[in-house]
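Following: one structure in structure tokens, then a few remarks.
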Number of protein chains: 2
Amino acid sequence: MPAGNEEKVRCDCKIVHEEIVGRVAQKMPPEESLYDLAELFKVFGDSTRIKIIWALFEEEMCVCDIAHLLNMTHSATSHQLRVLKQARLVKPRREGKNMFYSLDDRHIEEIFNQGLSHINE
Amino acid sequence: MPAGNEEKVRCDCKIVHEEIVGRVAQKMPPEESLYDLAELFKVFGDSTRIKIIWALFEEEMCVCDIAHLLNMTHSATSHQLRVLKQARLVKPRREGKNMFYSLDDRHIEEIFNQGLSHINE
DNA sequence: ATTATATATGAATAAACGCTCATATGTTCA
DNA sequence: TGAACATATGAGCGTTTATTCATATATAAT
């Protein structure tokens, strides 16, 4: 994990950092996975997107449904749906002039429920 | 959910938004919960903090351990630990001059594993 | 074809964020 | 008490981001 060549940290406490760091670093997922994980949670880290996802738990909705629900402009809604789509969390389906969005992942609900458990304890 | 008094959205598609919006809005958690949920995920939405949390899955560590592990300054590490502490995700324990941090929540691991499942599929 | 409508997208802007630097706080030991 | 050290914190800076506005694209209907 200590990727860079130059040590940024220098401390004189009695703790043998090398041993601890070596042991912990070995057990951690690869750097890239952790980065991707942060990217995923970044998508969840906005209340507008949280609301959209939660709404889609109930049923597929078109852009203007969602815009009505959240009292947002079509444009803002569409921008956020793009973020969700790029994260492979929702998928679109065209029906005439309307685009219907639905959830594209079965893990989300579990993630959200665990998140709420943290909040409500 | 459509909190404001003025409609931001006006569209003429054949869909009866009021019905759909009413039904979905009824089933959604309260606005405040969704906001808090977003705040929680925002904390997870940074790879530095993800790494810290994942390291603490293994064992309690002091600030300079973590700084070594991530090759970051003590200051940056401390700032991030403060964010995690404020979100009630980690808790500090003093031992002499050192502060040891450990995880303060049993939901995190489940949330992260579901997140990785999403990424790895 | 032309018009109307639903959605998408690029640019601009204001707010939020993570890091660095300087400094403060709290503990240990001489 | 004072020096040394681990950690915490406030200010500043550059970057990211969510929304708005203007405009583009795609489908449907006349």
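In what follows, chains are A, B, ... by sequence order, proteins preceding strands, each numbered from 1.
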*Atom CG of A:D46 to atom P of C:dA15: distance rounded to whole Å?*
16 Å

*How about B:K27: does its NZ atom have over 12 heavy atoms from other parts shown lying under 6.0 Å from it?*
no

*What is the distance, rounded to the nearest whole Å, between atom CE of B:M99 and atom P of C:dT27?*
8 Å

*Side-chain heavy atoms under 4.5 angstrom apart, residues restricted to Ile, Leu, Val, Met, Phe, Trp, Tyr: same cluster for B:L116 and B:I52?*
yes

_Contact list please: residues 75-94 of chain A against DNA chain C, heavy atoms, distance less than 4.0 Å, in numerical order._
A:S75, A:S78, A:H79, A:R82

*Please step through side-chain contact (heavy atoms from CB on, under 4.5 Å) for the pair B:S33 and A:I119, ending with a clear verdict.*
CA-CA 8 Å; B:S33 295; A:I119 289 167; 5.8 Å; no

*asked:* Rounded to the nearest 0.5 Å, what separates atom CD1 in B:I20 from atom CD in A:E59?
replied: 6.0 Å

_Regarding B:R23 and A:E58, does a basic nitrogen lie under 4.0 Å from an acidic carboxylate oxygen?_
no

_Derivation of the side-chain contact (heavy atoms from CB on, under 4.5 Å) call for B:H118 and B:Q114_ = CA-CA 6 Å; B:H118 169 80; B:Q114 292 291 329; over 6 Å; no

*B:K97 has an atom NZ; how far is it from atom P of C:dA24, in whole Å?*
20 Å

*Given atom CD1 of A:I50 and atom P of D:dT17, what is their separation to the nearest angstrom?*
16 Å

_What is the separation between atom CD1 on B:I52 and atom C1' on C:dC19, rounded to the nearest whole Å?_
13 Å

*Which pair of non-hydrogen atoms, one from B:T48 and one from B:L70, has the smallest distance, and what is that distance?*
O-CD1, 3.9 Å

*For A:E95 and A:T48, take the nucleotide of DNA chain D holding the closest heavy atom to each; which residue's nucleotide lies nearer the 5' end?*
A:T48

_Which residues in residues 37-44 of chain B have a heavy atom closer than 4.0 Å to any atom of DNA chain C?_
B:K42

*What's the CG-C1' distance between A:N98 and D:dA26, to the nearest Å?*
12 Å

*Could you give the CG-to-P distance, from B:L70 to C:dG18, as a whole number of Å?*
14 Å

What pairs of nitrogen or oxygen atoms, one from the protein and one from nucleotides 23-25 of chain D, lie under 3.5 Å apart?
none

*Do the two ring centres, one from A:F112 and one from A:F44, sit under 6.0 Å apart?*
yes

*Got a donor-acceptor contact below 3.5 angstrom from the A:S117 side chain to the A:N113 backbone?*
yes

*Nearest non-hydrogen partners of A:F41 and B:I50, listed with the distance*: CD1-CD1, 3.7 Å

*asked:* Over all strands shown, is A:Y101 touching base, sugar-phosphate only, or nothing at heavy-atom distances under 4.0 angstrom?
replied: sugar-phosphate

_What is the separation between atom NE2 on B:H74 and atom P on D:dC5, rounded to the nearest whole Å?_
12 Å

*Locate the shortest heavy-atom distance separating B:F100 from B:C62; write the atom from each residue and the value.*
CD2-N, 3.6 Å

